[in-house]
Novice: 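Supplied in structure tokens, the structure appears directly below.
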Amino acid sequence: MLLLSASSLLADCPTPRLRLTPSTREPRQGAVVSVVLRSDAPLTAAALGGDDERIALESDGSGRVFRGLVGVDFEAKTGKHVFAAEATDSCGSSHHATLELRVRPGQFPSQRLKLEPKYVEPPESEKERIANDRERVARAWESAEEGRRWRAAFALPVPGTTAGAFGARRVLNGETKSRHSGVDMAAPEGTPVLAAAPARVALAEDLYFSGGTVILDHGGGLFTTYFHLSRIDVKPGDVVAAREPIAAVGATGRATGPHLHWGARLHGKRVNPLGLMRLSAWQPAVPESSDRSVKK
Ligand SMILES: [Zn+2]
């Protein structure tokens, strides 16, 4: 005990110089921004505090380079957003740095859709079910696992198709009703839907608006969502690999025809999932126990 406290008193902890580098300083609404924190002295932990979130930054193992992802909600206020980084050195002292992002408006289209009236003004008899659905989805977000499962850029869940309309302002049956929080990918009914990245299944069931629904938890505050499925091949708690089939394309719930609605949620922010396809490979500090460590 005495020895420990004596050595920590004697420990040499110079004030680290911190540098925060975002992938962009002027993200659009709905963007995914990767942030690197560099320090000239080793740190034991680092985190980034934003509008209403706290993002743990992950060390590369050296204690001098930490990474994290910031999500810009598609309805985030445009203009200046300040994030405060807090870093802890090996003597337990805190050090701070700030990151300023200037959020630009997203380039969102406007869409007019003709839907069955029951999906625009749901009947009284469905109100309880809809409230129940909302609660189940909220519970899925709360079940978030801390450990990041993904290691590389995400894959398209329906390969080879084009996707669009992220953030669209939607006029449903002549009334401005909602914003579109994902991308719609055209594909024939029954097309296999693939997991965009390694994940744990957080929700897999039929919901009123989104129809056959799967929510994948990729860890580290990142989820992807898959709506309007005709068939679901996974159950909550299943662990899936990148590109593993999880379901089939359909037109269930509020859909005008067969397509996959693909969404993403990062630290509670609704972001464009296509932004996840540009993430650079990002290896864990300590390799997971895997075949790589086994000599064959
Ligand atoms: Zn959609």
Side-chain angles (χ1 to χ4, degrees), residues 28-32 71-76 106-122 126 130 133-134 136-138 140-141 154-197 199 202-216 218 222-232 246-266 268-277:
R28 289 195 184 275
Q29 290 169 321
V32 174
V72 180
D73 192 88
F74 77 140
E75 292 187 301
Q107 292 167 308
F108 304 134
S110 209
Q111 282 187 324
R112 303 186 84 83
L113 294 178
K114 197 119 190 68
L115 294 164
E116 278 183 76
K118 70 169 182 176
Y119 286 120
V120 180
E121 276 309 331
E126 297 287 356
I130 292 165
D133 285 358
R134 214 167 274 148
R136 299 175 90 86
V137 170
W141 304 141
F154 282 41
L156 280 179
V158 185
T161 59
T162 53
F166 178 78
R169 288 174 182 82
R170 289 193 147 172
V171 181
L172 307 181
N173 299 356
E175 247 185 284
T176 303
K177 270 299 225 191
S178 69
R179 293 290 303 275
H180 187 235
S181 63
V183 293
D184 286 338
M185 310 179 72
E189 174 113 18
T191 305
V193 173
L194 314 179
L203 180 146
E205 62 186 287
D206 191 51
L207 305 179
Y208 184 78
F209 283 116
S210 50
T213 302
V214 170
I215 298 180
L216 296 184
H218 303 286
L222 181 54
F223 290 88
T224 52
T225 60
Y226 308 77
F227 293 174
H228 311 308
L229 307 166
S230 60
R231 198 186 71 233
I232 297 177
I246 54 170
V249 169
T252 55
R254 190 166 83 181
T256 53
H259 74 282
L260 175 70
H261 170 107
W262 186 34
R265 191 179 168 100
L266 174 59
K269 307 290 194 279
R270 299 155 299 170
V271 297
N272 189 338
L274 297 177
L276 301 173
M277 302 188 61

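Start at 1 and go down the list; that is how both ligands and their atoms are numbered. The model shown is predicted, which means the values in this text are computed figures rather than measured ones.
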Novice: At less than 2.8 Å, how many protein N/O/S atoms surround the Zn ion (ligand 1)? Leave waters out.
Specialist: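 With waters ignored, the protein N/O/S count below 2.8 Å is 3.
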
Novice: Give me the atom names and distance for the closest heavy-atom approach of L194 to Y226.
Specialist: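 Answer, listing the atom of L194 first, then Y226: O-CE2, 3.9 Å.
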
Novice: Taking only residues two or more places apart in sequence or in another chain, which ones pass side chain to side chain contact (heavy atoms under 4.5 Å, CB included) with D206?
Specialist: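 Applying side chain to side chain contact (heavy atoms under 4.5 Å, CB included) to D206 gives R129.
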
Novice: Should the pair E126-K118 be classified as a salt bridge under the 4.0 Å nitrogen-to-oxygen rule?
Specialist: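 Not counted as a salt bridge, because no side-chain N and carboxylate O are separated by less than 4.0 Å.
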
Novice: A quick test of your reading: do over 12 heavy atoms of other residues, nucleotides or ligands sit less than 6.0 Å from CZ of R134?
Specialist: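 No, the 6.0 Å shell around CZ holds no more than 12 heavy atoms from other groups.
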
Novice: Going through the distances and angles, do D184 and R170 end up as a salt bridge (charged side-chain N to carboxylate O under 4.0 Å, His left out)?
Specialist: CA-CA 13 Å; D184 286 338; R170 289 193 147 172; 3.0 Å; yes

Novice: Could you grab the distance from atom CZ of F227 to atom NE2 of H261, nearest 0.5 Å is fine?
Specialist: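 Going from CZ on F227 over to NE2 on H261, the span is 4.5 Å.
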
